[in-house]
Structure formats: C-alpha cells, structure tokens
S.K.: 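So that we are looking at the same thing, I have put the structure below in structure tokens.
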Amino acid sequence: MPRLHRNIWLGLIVMLFALALAFVLIPVGVSSPRSVRSIVLSPILWPTIIAWMIFIGGGLLVGQQLLGRREPDHLDEWANPRHGAWFRLAALAVLMAGYYLAIAYIGMVWASALAFLVLTLIIRSRYRITALIVAFALPLFTYAFFYHVAGVPIPQGEFIRLP
Amino acid sequence: MKALKYLAAIGALGALLAGPALAEYPERPVTLVIPYGPGGATDIGVRALSGPLGKIMPQPLLVVNRTGAGGATGSVSVANADPDGYTMLAARVGSHTVNPAMKATLPYTLDDFVFVGVFEINPVVCAVSESSDIKSIEDLVNKAKENPGTVSFSSSGVGSMLQLAGAMVLNAFGLEDPLDNATHIPLKGGGEAATAVLAGTATFICTNSSALSSFVANGQLRPILVTTPERLDGFDAPTAAELGHPELEQLVGWTGIAGPKGLPEEVSAKWRDWLKQATADKTFVEQMTKRGSVIRLMDPEESQEFINNQYETFKKLVDELDMRIEG
Amino acid sequence: MSFLDSLSLGFGLVAHWQSLAALFCGIVVGVFAGAIPGISATMAVALTLPFTFALPPIYGILLLLGVYKGGIFGGSIPAILIKTPGTPASSATVLDGYPMAEQGKAGKALGMALYASCTADLISNLALILFAGWLASFALSFGPPEFFTLILFSLTIIAGVSGASLLKGLISACLGLLLATVGLDLVYGTERFVFGDPNLMGGLNFIAVLIGLFAIPEIISFIWNPDDSHDKVRSLGQHHVTFAEYKRSFKTIVRGSLIGVFLGSIPGIGAAPSAFLSYSEARRNSPRKANFGKGEIEGVAAAEAGNNGVAGATLIPLLALGVPGDVITAIIIGAFMIHGLQPGPMMFMTNADIIYALFIGLMVSSVLLLLVGSVAIRLFRFIADIPRSLLFPSVLVLCVFGVYAVNNSVFDVVVMFLMGWLGYFMLRVRMPAAPFLIAFILGPLLEDNFRQAMLMSGGNFEILFRGPITWFFWTVSVISIVALVRNELRERRSRFAEEPA
C-alpha cells in the first residue's frame with residue numbers, strides 16, 4: 001500500500017471513532033445528573049468537545065492528504081521484517097493475555113519466569129542458557145526487592161509460595 | 001453486581017472451608033490496604049500505627065496504598081478479598097460513612113465489612129481566611145442568606161467528609177437549601193482544599209483539625225467552629241454545643257481497621273488485642289496527638305455502632321438536602 | 001535574630017557527619033529507587049518516611065529531601081536506557097535520551113542528564129533561599145482561573161513534541177485528553193466511561209499509561225523484527241559529555257531551571273509539565289531544531305533541568321506558606337508535623353535555625369547528587385550492553401512488577417498491556433506519543449480548573465479574564481499559537497520549494 005493511502009485510512013478510522021464516541025460511547029458511558037445547573041458544568045461537555053476535536057483532526061488529516069500535502073517520505077523501517085512477523089505479534093498478544101491470567105493462578109513470580117522463557121522462544125534468542133538463568137533469577141530478585149525491601153505484597157498463587 | 005455477589009459467596013464458602021484449617025492466625029504477612037494516597041491524613045495515621053503494630057504482630061504487616069475514587073478503589077478491593085484476615089482495610093470516614101451515604105451505586109456497602117476497631121478520632125474545625133471579614137459562624141450564615149451564591153466552601157472531592165461537613169454546618173445554622181445558596185468547590189485532595197481558602201478561591205472549609213492546625217497557628221486561617229464537646233487546644237473557636245447545635249458533634253473524622261464480611265471471630269479477637277497494645281504505645285500517641293488526633297480505641301461492637309450512627313445521621317442529611325450522587 | 005545569627009545557628013545544626021550521612025543515604029536510596037520502573041520518587045519518599053520518625057527533625061527531613069532529589073534524577077536512568085521512565089517527571093527525558101542510547105551514546109545522555117540535574121538543582125535551591133517569600137506570595141494569587149490559563153498555555157507544548165506532523169500530534173493529544181476523563185466526575189461524582197467496573201472508577205493509572213505508551217511498544221517493535229545486530233551500536237556507550245557540549249547546553253539548562261522554579265513554586269503543577277515545557281522551549285530556541293527527538297543532547301539537558309528545577313522550588317510554598325505543592329511535599333509536611341514543627345511564616349521566626357540548616361543542607365545535596373549520580377551511571381551503563389533478545393524480555397517483566405507495585409493492582413498491568421498495543425499502533429502510523437502523555441497529564445487539570453472557575457463565578461466567563469495573571473497567559477498563549485501557525489506554514493512552503501511532490 002502506498003503511504004498516501006495509509007494516512008487517509010488513518011483519518012477515516014479516527015473520524016469513525018469520533019462519531020462512535022459522540023453518539024454511542026458518551027451517551028452510554030457518561031451519566032449526566034439532572035441537577036446540572038448550567039451546560040458549562042455538565043460532565044458531558046468536555047468529552048463531547050474532545051470527540052468533535054478528534055473528528056475534525058481526522059477530517060483534516062484526510063483533507064491534507066487529498067490536497068497532496070503529504071508528509072515527507074521516510075525510509076520505512078517496518079519493511080522487511082524477519083519471516084513470520086505477524087505470527088510473532090499474535091503470539092505476543094496471546095502471551096500477554098496468558099501472563100495476566102497466570103498471575104492469578106501461579107503468582108507473579110512464576111508467571112514472569114514463564115513469560116520470559118516464552119518470549120525468548122518467540123524471539124529465538126541466541127543466548128539460551130543465559131535466558132534460562134535470567135528467566136528465574138530476575139523475577140525472584142525483583143520479588144525479593146519489592147516484597148522484603150519496599151513492602152509491596154506481590155501476588156502469589158498456591159503454587160510454591162515464596163517466603 | 002451479580003458477579004460481585006457470586007464472588008462474595010465463593011469467598012464466604014472459601015472462608016468456611018478454610019476456617020478450621022486456620023492453624024494459628026497469622027501464618028504469613030498481613031496486608032493492610034490504605035484506600036488513600038501517601039501523605040494524606042489516613043496514610044500518615046496508619047503508617048504511624050503500623051510502627052508499634054508491626055512489633056506486636058508475629059508476622060510482618062505490609063501497609064500498601066491503593067488510591068482512587070475517594071477511597072472506593074481500595075475499599076472494594078478489600079471487600080472482594082478472601083475474609084481470611086490476610087487482607088485488611090484502613091477504613092476512613094470518607095470511604096465508609098460519607099461515600100456510602102451519598103452514592104447509591106458504590107460497589108460496596110457498610111455491610112460488606114467487619115470492623116475490628118476504630119482507633120483514631122479527628123475533631124472537625126471550620127475556618128475562614130484571616131483576611132476575611134467573617135468572624136463567626138453567624139457572620140458566615142448571614143452572608144450566605146443576604147447574598148446567595150457568594151459563600152463557597154472547598155472540599156477534597158465529591159463524597160468527601162469535607163463536602164458533607166460544609167453543607168451540614170450551614171444547614172444546622174439555619175441556611176435553607178445550602179446547596180443552592182452556597183457553592184461547593186471540589187478540589188483534588190485535602191491540602192488543595194485548605195489552600196483554596198487561603199488563596200480566596202473558597203470562603204470557608206470544614207475539615208480535620210490536623211489539616212488546619214499549622215495554618216491556624218501561623219495566623220493564616222481563622223477557626224470559627226469546632227465540633228468537639230470541649231474546646232480544642234490551639235483553636236480559639238466556640239464548640240458546636242456552645243452555639244446550641246450539639247448534633248454537629250456527630251461530625252468527626254475517624255480511622256479504623258476493617259476486614260471483609262465473614263472475617264473469623266478468631267482474627268477479629270487477635271486484631272482487638274493488637275490494636276489495644278499498639279494504641280497504648282507512648283510514641284505513637286505522642287506523635288498523633290501532636291498532629292491533632294485523639295487516640296481512642298473502640299472495641300468492635302462500639303466501632304460498629306459508632307459508624308452505623310454516623311452513617312444514619314449522614315444519610316438523613318443527604319436525603320433531606322438531596323445530595324445524592326446519581327449514576 | 002539577625003540573618004547571620006540564624007545562618008550560624010543553622011550551620012551548627014547541619015555541620016555534623018550525621019546530617020551529611022542522612023543526605024547521602026537519602027540520595028543513594030532515591031537514585032536507585034527512581035531507577036526502578038514503578039517506584040516513583042513519591043513512593044520512595046513515602047517508604048522512607050517511617051524511618052525518619054526516630055531521627056532528630058533536621059536529619060529526618062534532610063533524608064527525605066535526599067530521596068526526593070535522588071529519585072527525580074534516578075528516573076532518568078531507565079528513561080534513557082530502556083525507554084521506561086522511572087518517574088513521570090522523566091518522561092520528557094525519553095524523547096531524546098532513548099534515541100541517544102540507540103546510537104550508542106547512552107553514556108553521554110546519562111552524563112548530560114546528571115550535569116543538567118545538578119545545575120538545575122543548584123539554581124532551584126538558590127531561588128528557594130533568595131526569593132522564597134516573594135515567590136510564595138505570588139503562588140497564592142493562583143486560583144482556578146489563573147491555573148486554567150497557565151495550563152492552556154502549557155498545552156501549546158504539544159506542538160513542540162509533535163515531530164513531523166502537527167496534525168497527528170493534535171489527534172494524539174485529543175486521545176490523551178479522552179483517556180484522562182475516565183473515572184469519577186470532579187463536580188458531580190458521577191461515572192465517566194466506567195461501565196460498571198470498580199477498577200475504572202479511580203481513572204487510569206498514570207504510570208501504567210506512561211510505561212504502556214513508551215516501553216511496551218518498544219518490545220512489540222522488537223518482536224516484529226527481532227535482531228541482535230543493533231547491539232554493536234548500542235554497546236558503544238563509552239562517550240562522555242565534553243565541556244563544550246555542556247557549555248552549549250548551558251543556556252538551555254538555565255532556562256529549564258527557571259521554568260522549573262516558576263512552576264515548582266506554584267502548588268499543584270508538578271515536575272512532568274515543567275520538563276515538557278522546558279523541552280519545548282529549548283527546541284523552539286535551538287538552531288538544531290530538526291535534531292530534537294532524534295537524539296539531541298540539548299533535549300536531554302532541557303528535560304532534566306526542567307524536572308530537577310522543580311525540586312528545590314516546591315519547598316517554597318511549603319516553607320513560606322505551609323502549603324504542599326505536590327504529593328511529595330505533602331509527605332514532607334507530614335514529617336515536619338510529626339516532629340512538632342509547623343511549616344509556614346511563623347516557622348521563620350520560631351525555628352529559623354532549622355530553616356537555615358535546611359538551606360545549607362540543600363546546597364550540599366546538589367554536590368552529593370553529582371557524586372552519587374556519577375557512580376550510579378557507571379553501575380547502570382552496563383544495561384546498554386545487554387543483548388536485546390534478553391533485555392526486552394527483562395524489561396517486560398520489570399514493567400509488570402513495577403506497574404503492579406504503584407497501586408497494588410493487577411488491573412493496572414492490563415491497562416499497561418492495552419496501552420502498549422495502542423502505543424505500537426501509534427508508532428506504526430507515525431503518531432507521536434508525547435502529546436498524548438502531555439494531554440493526559442494536563443487535560444484533567446484544564447477541565448477541573450475550568451469547572452472550578454465556573455463554580456466560583458456561577459457560570460460567568462468573565463472570571464477567566466480576572467487580574468493581570470490571566471491576561472498575561474492569554475496573551476502568551478495567543479502569541480505562541482500565532483507563532484506556531486506561521487512556522488508551520490513557512491516550513492511547509494520551504495519543504496515544497498525544496499522537493500516539489
């Protein structure tokens with residue numbers, strides 16, 4: 001896809017989002033009490049202003065692009081990634097979701113160790129042995145610091161409770 | 001809401017199952033959640049208490065702040081925790097009587113908590129700027145009556161004790177419709193609220209004496225009312241009872257320790273003992289008194305009654321003045 | 001008591017090895033705590049507070065001040081090395097610090113951050129000592145209308161950090177404004193975009209948004225194209241700041257310090273906006289404007305001068321009025337009160353010795369910061385040598401721990417992840433993240449002060465034009481917007497002239 005189109009797409013998405021915001025999200029998500037005395041004090045005013053600013057911003061972006069005032073071209077540093085880039089992104093998304101869920105079950109320390117290992121697998125790091133050591137040492141050390149020095153109760157599951 | 005109830009039910013079930021297995025509470029460190037940010041009145045009071053408390057408890061006490069939504073975020077996290085005594089809450093007047101009285105949609109109610117003790121009482125003082133021509137509460141109410149809309153009071157946010165206190169005092173001294181005739185200016189936090197009176201943004205403020213003591217001592221603010229039964233050291237102002245309104249004595253700040261509903265009796269008893277010893281600690285009492293707090297430990301029954309009374313008083317006022325927060 | 005008497009009494013109080021030790025410990029704790037993502041300077045000060053109960057007041061307060069100053073500098077270390085600001089105040093440091101690290105100039109960036117911090121610290125302390133009374137009375141004349149206009153002016157910073165496309169910067173800022181509205185409404189206490197979830201009632205956690213927006217997209221980008229070959233460039237981090245570079249940035253540092261002093265002496269603004277304002281002013285005045293955001297050393301100097309300039313100045317309202325300027329000074333006031341000291345005008349009479357002792361201690365702290373900082377830089381610079389395929393997984397784990405620790409909430413971890421994907425999307429469509437962040441900080445202040453002003457006046461807009469301060473800020477806002485539009489047009493014209501597309 002040429003760059004020109006990308007900004008137009010972006011502008012359209014932004015405009016669509018602004019409309020959804022103004023007509024769906026704000027009416028549903030922001031409650032306006034009946035005791036509001038004047039419009040300048042209403043909780044709805046500010047989000048509505050923002051929604052229309054976003055809309056105008058998106059519109060201008062499309063307009064700018066259509067009028068040919070495109071941004072200077074950059075070297076696209078996103079081009080030519082290593083094979084399987086989209087797959088890796090999807091894997092990372094799954095990893096993040098799993099990481100979050102795992103915290104509730106096995107605690108933050110072990111979840112972090114697992115996440116670290118899986119991430120180095122996704123990256124296919126050359127430093128396998130180091131990765132294995134760091135995967136366990138780093139969360140344990142961080143845990144020790146936060147729990148024993150800073151007094152933050154790091155969540156733990158029932159699986160191997162740490163002192 | 002339904003999901004919450006399920007959670008609560010599962011939690012209660014968990015407690016039943018875990019109950020007998022509880023070897024000797026506490027087996028591991030106990031977390032005490034402060035639902036307000038570091039540096040606030042609650043935070044300093046509880047951290048001061050955690051000193052002696054930590055020495056008495058057989059396991060470490062982890063004091064953590066969980067800030068947000070006027071104390072609601074931290075409170076709800078404890079309400080939903082397992083009632084095993086390992087997650088406790090430092091409950092405060094704002095989060096546990098004012099907010100529940102004002103906000104029907106709050107994700108917790110008073111019934112979701114079991115109090116093990118109230119340990120600190122903060123007298124409430126109303127004050128105006130030293131440069132203002134208001135010398136007494138009478139002047140203030142007269143000004144509001146004569147020029148509606150010219151009197152304003154600052155608070156640390158909607159649903160804070162400061163908001164309720166301002167309205168309650170004006171109402172008690174005969175200003176009709178205090179919400180229409182005086183303006184409530186919410187700010188972000190107690191420090192900002194006091195500064196607003198100093199800078200002339202608001203006319204008066206009613207808040208804990210500890211938040212105002214240095215301003216009064218420095219001659220920047222002038223106290224016009226205290227809600228204690230007796231006059232308060234360092235505050236040259238009449239008491240509510242002297243002015244014929246002893247009902248305002250209900251208006252006091254407090255801090256207490258609470259656990260989630262279903263807290264085992266054994267845990268509650270332990271905490272009562274610990275609090276009794278900790279609040280007897282000399283340096284703790286000295287520190288807190290210097291800050292203008294009154295250290296008074298109530299046992300669980302007394303605490304519960306005290307809180308319920310205050311809640312009922314506030315609720316009546318909220319209904320009367322239509323201060324309910326919608327949505 | 002004369003000035004000299006107070007000074008000598010103060011000197012008597014502070015001239016013990018204990019007070020130096022307290023300051024030193026404080027700075028060490030602060031620098032290391034600040035360097036850990038998730039432990040902000042605020043948290044570090046709060047955690048240190050209980051230790052001061054047992055100390056004599058002057059040592060206790062010096063300890064806290066040390067932590068504060070160290071923490072603000074410490075935050076710049078991870079901001080430069082791993083694009084994860086340790087404290088909100090160092091988010092502006094990321095803009096040029098991280099690109100410098102990418103080019104293998106991590107040592108240079110860190111060095112400049114340290115020198116700028118110490119210089120700004122010194123200027124800020126001097127301002128405190130010399131102008132406390134005057135600046136304090138000025139600070140009290142700031143009510144909601146004045147704040148509103150000041151913040152309106154500060155929002156023009158967005159243009160300075162928008163990079164190539166001002167329009168995309170503005171959209172990004174609007175998104176920031178929008179996300180900042182989540183939570184409870186200030187005036188009515190009603191819910192905005194909470195959708196019944198109690199976790200959202202308190203709004204989105206600032207640190208979670210910050211780290212999500214800066215650090216996580218970096219990890220995702222690396223996943224997109226994992227490649228250790230950059231390592232050679234990164235590990236060439238042995239450059240030091242030359243005196244010429246310091247001299248070149250000196251004007252910027254002084255300007256940033258003064259901005260910091262000004263914003264710091266007004267309660268309620270904080271260090272992050274000051275850093276951004278200083279950065280944008282530096283960029284506006286620099287002959288190397290185009291290099292800002294791509295690893296310009298002056299950008300690092302400006303950001304760090306801006307945030308450290310605040311540190312001494314926040315003590316102005318504290319000591320002169322007893323008013324806390326931010327959360328950190330609120331904690332420090334707590335420490336004063338626990339020792340039976342009541343900050344405010346009276347303290348200059350009753351406890352002048354302590355005040356002067358503090359002043360002397362503060363001056364010493366700038367020097368100590370320089371020492372501790374240089375050691376810390378040497379210790380932390382090795383991070384730049386870690387292979388990226390190990391560094392990024394480590395950053396992920398550290399961010400999760402850190403974001404959790406801020407508010408003890410696993411929900412914040414989710415916020416961070418989601419913001420990370422948003423940040424990655426923005427990176428891909430070349431939408432700058434900095435405007436988002438500035439808007440996220442300033443947006444609520446703008447709205448709140450506007451509504452407070454409206455409450456004060458009963459809905460009358462005239463209050464927004466009361467007094468000379470509001471007029472001043474209206475004027476400078478208009479001037480900077482006009483200048484911006486003119487610049488934008490001129491640049492566009494010259495660009496078209498160069499490469500007719």
Side-chain angles (χ1 to χ4, degrees), chain A residues 6 10 14 21 25 29-33 35-38 40-41 43 46-47 50 53-54 57-58 60-61 64 68-72 78 81-82 85 88-89 92-93 96 99-100 103-104 108 112 115-116 119-120 122-127 130-131 134 138-139 142 146 150-155, chain C residues 33 36 39 43 47 164-165 167-168 170-171 174-175 177-178 181 185 187-188 190-195 219-220 222-228 387 389-390 392-394 396-398 400-401 404-405 408 410 413-414 417 420-421 428-431 447 450-451 454-455 459 461 492 495-496 499 501:
Chain A
R6 209 183 272 178
L10 178 65
V14 165
L21 192 64
L25 283 174
V30 184
S31 54
S32 177
S35 52
V36 173
R37 266 179 275 172
S38 85
V40 290
L41 285 173
W46 184 237
I50 298 169
M53 287 198 305
I54 297 178
L60 285 176
L61 200 60
Q64 205 181 43
R69 297 191 164 182
R70 66 182 88 154
E71 354 180 319
W78 304 107
R82 204 166 86 191
R88 278 195 302 274
L89 279 199
L92 182 66
M96 283 182 181
Y99 192 174
Y100 164 66
I103 289 175
M108 195 175 266
S112 300
F116 191 106
L119 196 56
T120 45
I122 297 175
I123 300 170
R124 278 193 273 164
S125 172
R126 279 182 289 143
Y127 310 88
T130 329
V134 178
L138 181 74
T142 318
F146 274 108
V152 177
I154 296 296
Chain C
I36 297 167
I39 305 247
M43 246 174 104
L47 288 172
S165 166
L167 204 50
K168 283 183 184 170
L170 290 177
I171 296 174
C174 287
L175 291 177
L177 291 176
L178 182 70
T181 62
D185 180 68
V187 177
Y188 293 97
T190 52
E191 294 172 355
R192 294 207 287 201
F193 303 117
V194 171
F195 303 111
I219 299 174
I220 304 178
F222 183 69
I223 293 285
W224 176 257
N225 194 12
D227 186 3
D228 272 333
S389 62
L390 293 179
F392 282 115
S394 311
L396 182 72
V397 168
L398 274 180
V400 168
F401 272 91
Y404 170 80
N408 301 286
V410 185
V413 176
V414 181
F417 283 160
W421 287 98
R428 289 295 293 262
V429 299
R430 296 178 195 288
M431 200 183 266
E447 188 199 4
F450 173 73
R451 292 170 80 190
M454 288 298 114
L455 278 174
F461 281 91
R492 180 152 291 154
R495 210 154 60 208
F496 277 113
E499 37 170 345

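Predicted model only: the values in this text are computed from it and were never measured. First the proteins, then the strands, lettered A, B, ... as listed; each starts at 1. Atoms considered below: every heavy atom in the structure, side chains included; atoms not considered: hydrogens, waters and symmetry mates.
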S.K.: Do you know which of A:I154, A:L41, A:V152 has the most heavy-atom pairs with chain C at a distance under 4.5 angstrom?
M.R.: A:L41
S.K.: For A:V40, is it the side chain, the backbone, both or neither that has a heavy atom under 4.5 Å from a heavy atom of chain C?
M.R.: both
S.K.: Report the distance from atom CG of A:L119 to atom OG of C:S389, rounding to the nearest 0.5 Å.
M.R.: 9.5 Å
S.K.: Only pairs of heavy atoms separated by less than 4.5 Å count here; which of A:P47, A:A85, A:G151 has the most with chain C?
M.R.: A:A85
S.K.: Contact between A:M108 and C:Y404 at the side-chain level, heavy atoms closer than 4.5 Å - yes or no?
M.R.: yes
S.K.: Quick one: what part of A:A93 sits under 4.5 Å from any heavy atom of chain C, side chain, backbone, both or neither?
M.R.: both
S.K.: What part of A:I103 gets closer than 4.5 Å to chain C, counting heavy atoms only: side chain, backbone, both or neither?
M.R.: side chain
S.K.: Shorter than 4.5 Å, heavy atoms on both sides: which option in A:V134, A:I123, A:T120 has the most such pairs with chain C?
M.R.: A:I123
S.K.: Are C:F417 and A:Y99 close enough, and set up right, to give a side chain to side chain contact (heavy atoms under 4.5 Å, CB included), and what steps lead you there?
M.R.: CA-CA 10 Å; C:F417 283 160; A:Y99 192 174; 3.9 Å; yes
S.K.: When heavy-atom pairs shorter than 4.5 Å are enumerated against chain C, which of A:L89, A:I54, A:L25 gives the highest number?
M.R.: A:L89
S.K.: Between A:L138 and chain C, with a heavy-atom cut-off of 4.5 Å, which part of the residue counts as in contact: side chain, backbone, both or neither?
M.R.: side chain
S.K.: Is there side-chain contact between A:L92 and C:F222, with at least one heavy-atom pair below 4.5 Å?
M.R.: no
S.K.: Under 4.5 Å, counting heavy-atom pairs only, tell me which of C:L170, C:I171, C:I223, C:V414 racks up the most with chain A.
M.R.: C:I223
S.K.: Under 4.5 Å from any heavy atom of chain A, what part of C:F401 do you find: side chain, backbone, both or neither?
M.R.: both
S.K.: State the CE-CG distance between C:M431 and A:L10, to the nearest 0.5 angstrom.
M.R.: 4.5 Å
S.K.: Check whether any side-chain N or O of C:R192 sits under 3.5 Å from a backbone N or O of A:P43 as a donor-acceptor pair, and report yes or no.
M.R.: yes
S.K.: Counting only heavy atoms closer than 4.5 Å, note whether C:F193 contacts chain A via side chain, backbone, both or neither.
M.R.: both
S.K.: Between C:I220 and chain A, with a heavy-atom cut-off of 4.5 Å, which part of the residue counts as in contact: side chain, backbone, both or neither?
M.R.: both
S.K.: Can you tell me which of C:I219, C:L177, C:L175 forms the most heavy-atom pairs within a distance under 4.5 Å of chain A?
M.R.: C:L177
S.K.: Heavy atoms only: give me the nearest A:F116-C:L390 pair and the separation to one decimal.
M.R.: CZ-O, 4.0 Å
S.K.: Identify which part of C:T181 has an atom lying under 4.5 Å from any heavy atom of chain A, answering side chain, backbone, both or neither.
M.R.: side chain
S.K.: Locate the shortest heavy-atom distance separating A:Y127 from C:P387; write the atom from each residue and the value.
M.R.: CE1-CB, 3.3 Å
S.K.: Using the rule given for side chain to side chain contact (heavy atoms under 4.5 Å, CB included), can you reason through C:R451 versus A:W46, listing the C-alpha separation, both sets of side-chain angles and the distance that settles it, and then say yes or no?
M.R.: CA-CA 10 Å; C:R451 292 170 80 190; A:W46 184 237; over 6 Å; no
S.K.: Could you tell me which portion of C:V400 (side chain, backbone, both or neither) has an atom closer than 4.5 angstrom to a non-hydrogen atom of chain A?
M.R.: both
S.K.: So which residue, C:V413, C:L178, C:N408, C:L398, ends up with the most heavy-atom pairs under 4.5 Å with chain A?
M.R.: C:L178
